[in-house]
Amino acid sequence: RFFPDPSSIPTWMSNNAPPGAWDGYRNFTGCSPGKTYDGLSKLKNYFQHFGYIPNSPSSNFNDDFDEALESAIKTYQKNFNLNITGELDNTTMNYIIKPRCGVADIINGTTSMNSGKFNSSNEIHTVQH
Amino acid sequence: YTFFPGQPRWPAGTETLTYAFDPNENLDDSTKQVFANAFNQWSKVTTITFNETTSYNTADIKIGFYSGDHGDGEAFDGVLGTLAHAFSPTDGRFHLDKAEDWVVNGDVTESSLSNAVDLESVAVHEIGHLLGLGHSSIEEAIMYPTISSRTRKVELEEDDIDGIQNLYGSNPNFNGTTTATSRDRDSSFGVRHV
């Protein structure tokens with residue numbers, strides 16, 4: 001639907017806004033690695049779609065909070081400048097459910113967003129004497 | 001800023017790209033003007049200009065609003081979620097989710113509808129993809145992957161400008177300022193003064 005400007009939006013519509021496509025993901029807030037949660041495979045599909053879980057046919061996803069999901073969450077958190085915990089904390093979930101562009105963040109396993117950049121912690125530090 | 005793998009871009013020497021709207025849409029002039037404004041954000045800083053054409057089949061960039069599965073393997077998902085997507089050069093496809101509540105003009109932040117999405121903000125982002133930019137981790141950048149509803153973000157940030165000028169060079173008339181009032185970007189030293 002197109003609205004020429006905000007004032008053209010009918011009041012009845014404002015009071016009955018439908019839920020967003022990913023609002024249901026909020027239910028996964030606080031989920032922990034190593035456990036199983038109903039519907040978690042949908043979140044894996046999300047991460048696969050945007051490039052965070054590579055090389056997996058989406059039909060094979062189960063509801064286990066496994067290492068692949070934890071790794072995807074960490075990479076996502078790095079790309080979005082969040083605390084890298086590997087957990088579905090409230091802050092991370094708030095980012096995940098935000099509306100976004102459909103283009104993947106990681107394409108063919110590569111990106112130059114934060115997660116694809118050289119990790120400064122791997123640098124060799126030298127001191128000149 | 002980032003590029004797509006292999007750094008695809010429009011061919012060297014490209015000065016003008018044409019764009020057209022899916023003829024099934026019958027978009028009004030004010031909606032089309034939003035896209036013209038969005039293209040202009042990129043023209044201001046780089047060497048490519050954009051012209052609308054009525055010849056959809058031959059246009060470099062093809063714009064359309066679609067619902068659900070629309071045949072490109074990237075189905076839309078209804079209200080919010082995925083808002084739009086565009087393909088890397090030189091594909092030219094630019095698709096927007098018809099299910100969204102698009103606000104064409106005015107201050108979207110004043111909208112009473114929690115799902116309202118600013119059309120121009122999304123258009124500016126997707127044009128970045130059409131030109132060859134990927135997603136950026138800098139939250140203020142146009143090429144940051146997410147945008148909240150009732151949010152307007154149409155001005156290119158330093159990161160966006162650096163990225164597009166890396167691909168195509170700078171508009172000779174670009175003086176480092178994308179708006180007359182909101183920012184003053186010193187292109188000589190990469191320092192921005194507000």
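Computed from a prediction, not measured in an experiment: that's the story for all the values here. Below, chains carry the letters A, B, ... as their sequence lines are ordered, and counting in each starts from 1.
With rounding to the nearest 0.5 angstrom, the OG atom of Ser112(B) is 5.5 Å from the CD1 atom of Ile9(A).
Taking all atoms of both residues into account, the shortest heavy-atom contact from Cys101(A) to Glu126(B) is SG-OE2, 3.1 Å. Counting all heavy atoms, side chain and backbone alike, Val103(B) lies closest to Pro6(A) at CG1-CD, 3.9 Å. Minimum heavy-atom separation, Pro145(B) to Phe80(A): CG-CZ, 3.7 Å.
Among residues two or more places apart in sequence or in another chain, the salt bridge (charged side-chain N to carboxylate O under 4.0 Å, His left out) test is passed with Asp60(B) by none.
Residue pairs satisfying the side-chain hydrogen bond (donor to acceptor under 3.5 Å, both in side chains) criterion with at least one member in residues 92-102 of chain A, sequence neighbours excluded, are listed as follows: Arg26(A)-Asn94(A), Gln77(A)-Thr92(A), Asp89(A)-Thr92(A), Tyr95(A)-Glu139(B), Arg100(A)-Asp105(A).
Residue with the most contacts toward chain B among Gly102(A), Pro19(A), Ser8(A), Ser7(A): Gly102(A) (heavy-atom pairs, distance under 4.5 Å). Note on Phe65(B), Phe4(B), Tyr1(B): by heavy-atom pairs under 4.5 Å with chain A, the leading option is Phe65(B). With respect to chain A, the highest number of heavy-atom pairs below 4.5 Å among Leu27(B), Leu113(B), Asp77(B) belongs to Leu113(B).
There is no path of hydrophobic side-chain contacts, each under 4.5 Å, that joins Val79(B) to Phe76(B). Linking Ile, Leu, Val, Met, Phe, Trp and Tyr whenever their side-chain heavy atoms come within less than 4.5 Å leaves Met113(A) and Ile107(A) in two separate clusters. Ile84(A) and Phe47(A) are not part of a single hydrophobic cluster, where members link through side-chain heavy atoms under 4.5 Å apart. Each of Leu80(B) and Met13(A) belongs to its own hydrophobic cluster when Ile, Leu, Val, Met, Phe, Trp and Tyr are linked at side-chain heavy-atom distances under 4.5 angstrom. Note: the hydrophobic cluster containing Tyr66(B) does not contain Tyr19(B) (ILVMFWY, side chain heavy atoms under 4.5 Å, direct or indirect links).
Near-neighbour residues of residues 87-101 of chain B relative to chain A, defined by a heavy atom under 4.5 Å from a heavy atom of that chain, comprise Lys98(B), Glu100(B), Asp101(B). Within residues 146-153 of chain B, the residues having any heavy atom closer than 4.5 Å to a heavy atom of chain A are Thr146(B), Ile147(B), Ser148(B), Ser149(B), listed by residue number.
Listed for the Thr2(B) side chain is no donor-acceptor partner under 3.5 Å among the backbone atoms of Thr111(A). When atom types are taken as modelled, the side chain of Asn115(B) and the backbone of Pro18(A) share a donor-acceptor pair closer than 3.5 angstrom.
The shortest distance between side-chain heavy atoms of Val104(B) and Phe3(A) does not fall below 4.5 Å. Asn105(B) places none of its side-chain heavy atoms less than 4.5 Å from the side chain of Pro4(A).
Tested against Val103(A) for a side chain to side chain contact (heavy atoms under 4.5 Å, CB included), the candidates His125(B), His135(B), Met143(B) yield a single pass: His135(B).
Looking at Phe50(A), the atoms closer than 4.5 Å to chain B (heavy atoms on both sides) all sit in the side chain, from C-beta outward.
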>> Evaluate Thr82(B) against Trp22(A) for side-chain contact (heavy atoms from CB on, under 4.5 Å), listing each step before the verdict.
In response: CA-CA 9 Å; Thr82(B) 299; Trp22(A) 298 331; 3.5 Å; yes
